[in-house]
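Along the sequence shown, residues carry numbers from 1.
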Amino acid sequence: MVENSKKRSPGRPRKFDEDEVLDKAIDVFWELGYEASDTETLAKRTGLTKPSLYNAFGVKEDLFVAAINRYRQTRSKASLDAMAKAEAPSEGIRDYFINLANNVASPNHPSGCLIMSIAMPLMDRLPKVAAVLDTAPKESYARMSTYFEEQIEKSNLPKDFDSASAISLIMDLGAAMIMQARAGAPLEALKAKAIRNTDLVLITGQGSLR
């Protein structure tokens, strides 16, 4: 892949849905890994010709970065959205973990997480991937921090609630769930952890484990 989508001739119409193509590319990278996802396989699975894939997304790393961003905007964001929609913290944290379980252990796609299972091991070799993954945790942290601040303002949590410790534990428990899913843990087993994880996060935030 040698061209970038920004270098296409002005006015050249797209004849495909970019999000749909990226969703298919996500599945390829997630299933096969980055190295085994050659351009021939990516073209075949996305339904594009190689030239169309080259022109639209650029080199393979650029396509992978686009797939990661699409993954973050859909599957990763869904867990944060589930948390934000809940009225009570106990519901928000629980819904976050349930949504995460559905994402990492659904029988409809490869287990684990595209970012943690496939992308993170490549950070030392792929600078564009490293740049994306450097910002992703910060954005997730910011959204969670805003959520807990709102819950404190609504008096749903005590004023001295330790949001930083709670968020750190959420991320640690989420990473553990991803690794368990990658190792073959079934969806229902991971979903069953949601209540326990919620209790641990709330206890930690209120200082009982400090």
For the residue pair [X] and [Y], what are the closest heavy atoms and their distance?
X	Y	result
Phe29	Ala67	CD1-CB, 4.1 Å
Trp30	Arg75	CZ3-NH1, 3.0 Å
Met123	Ala130	O-CB, 3.5 Å
Asn69	Arg72	OD1-NH1, 3.0 Å
Ala84	Tyr147	CA-CD1, 3.9 Å
Val132	Thr135	O-OG1, 2.9 Å

Tell me whether Leu187 shares a hydrophobic cluster with Tyr96, the cluster being built from Ile, Leu, Val, Met, Phe, Trp, Tyr side chains joined at under 4.5 Å. no
Tell me whether Ile195 shares a hydrophobic cluster with Met177, the cluster being built from Ile, Leu, Val, Met, Phe, Trp, Tyr side chains joined at under 4.5 Å. no
Can you find a heavy atom in the side chain of [X] that is under 4.5 Å from one in the side chain of [Y]?
X	Y	answer
Lys85	Leu80	no
Asp81	Lys77	yes
Val59	Leu63	no

With a 6.0 Å cut-off (strictly less than), is the heavy-atom count around CG of Asp124, excluding the residue itself, greater than 12? no
If you count the non-hydrogen atoms of other residues, nucleotides and ligands that lie under 6.0 Å from NZ in Lys44, is the total more than 12? no
Can you tell me how far the [atom1] atom of [X] sits from the [atom2] atom of [Y], to the nearest 0.5 Å?
X	Y	atom1	atom2	value
Ser140	Met83	OG	CE	10.0 Å
Asp172	Ile167	CG	CD1	12.0 Å
Phe57	Asn55	CZ	CG	11.0 Å
Leu202	Ser90	CG	OG	6.5 Å
Phe161	Gln151	CZ	CD	9.5 Å
Asn197	Leu190	CG	CG	9.5 Å

Donor-acceptor under 3.5 Å ([X] side chain, [Y] main chain):
X	Y	result
Lys60	Ser37	yes
Thr46	Leu42	yes
Ser52	Leu48	no
Ser165	Asp162	no
Gln206	Pro158	no

One pair to check against side chain to side chain contact (heavy atoms under 4.5 Å, CB included): Glu31 and Arg45. What are the steps and the verdict? CA-CA 12 Å; Glu31 178 185 339; Arg45 293 275 294 270; 3.0 Å; yes
Arg70 vs Asp23, salt bridge (charged side-chain N to carboxylate O under 4.0 Å, His left out): CA-CA, chis, key distance, verdict: CA-CA 7 Å; Arg70 172 68 177 167; Asp23 287 338; 2.9 Å; yes
Test: Lys193 cationic atom under 6.0 Å from Phe97 six-membered ring centre, within 45° of axis: no
Report the C-alpha separation of Leu173 and Leu169 in whole Å, then their side-chain angles, then the decisive distance to 0.1 Å, and conclude whether the side chain to side chain contact (heavy atoms under 4.5 Å, CB included) test is met. CA-CA 6 Å; Leu173 292 171; Leu169 184 57; 3.7 Å; yes
List the atom pairs, donor and acceptor, that lie under 3.5 Å between side-chain atoms in residues 99-121 and the rest of the protein, sequence neighbours left out.
| from | atom 1 | to | atom 2 | distance (Å) |
| --- | --- | --- | --- | --- |
| Asn99 | OD1 | Ser79 | N | 3.4 |
| Asn99 | OD1 | Ser79 | OG | 3.1 |
| Asn102 | ND2 | Ile98 | O | 3.4 |
| Asn103 | ND2 | Tyr71 | OH | 3.0 |
| Ser106 | OG | Asn108 | N | 3.1 |
| Ser106 | OG | Asn108 | ND2 | 3.4 |
| His109 | NE2 | Asn103 | O | 3.0 |
| Ser111 | OG | Ala181 | O | 3.4 |
| Ser117 | OG | Cys113 | N | 3.1 |
| Ser117 | OG | Cys113 | O | 3.1 |

Kindly determine whether Val129 and Tyr34 satisfy side chain to side chain contact (heavy atoms under 4.5 Å, CB included), including the steps that lead there. CA-CA 11 Å; Val129 172; Tyr34 181 78; 5.9 Å; no
Under the salt bridge (charged side-chain N to carboxylate O under 4.0 Å, His left out) rule, what do Asp62 and Lys128 come out as? Steps first, then yes or no, please. CA-CA 8 Å; Asp62 290 330; Lys128 294 177 183 178; 2.8 Å; yes
Would Glu150 and Lys154 count as a salt bridge (charged side-chain N to carboxylate O under 4.0 Å, His left out) if you check the C-alpha gap in whole Å, the side-chain angles of each, and the deciding distance to 0.1 Å? CA-CA 6 Å; Glu150 291 172 349; Lys154 293 178 181 178; 5.3 Å; no
Any ion pair linking Arg143 and Glu139 (charged N to carboxylate O, less than 4.0 Å)?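 Salt bridge: no.
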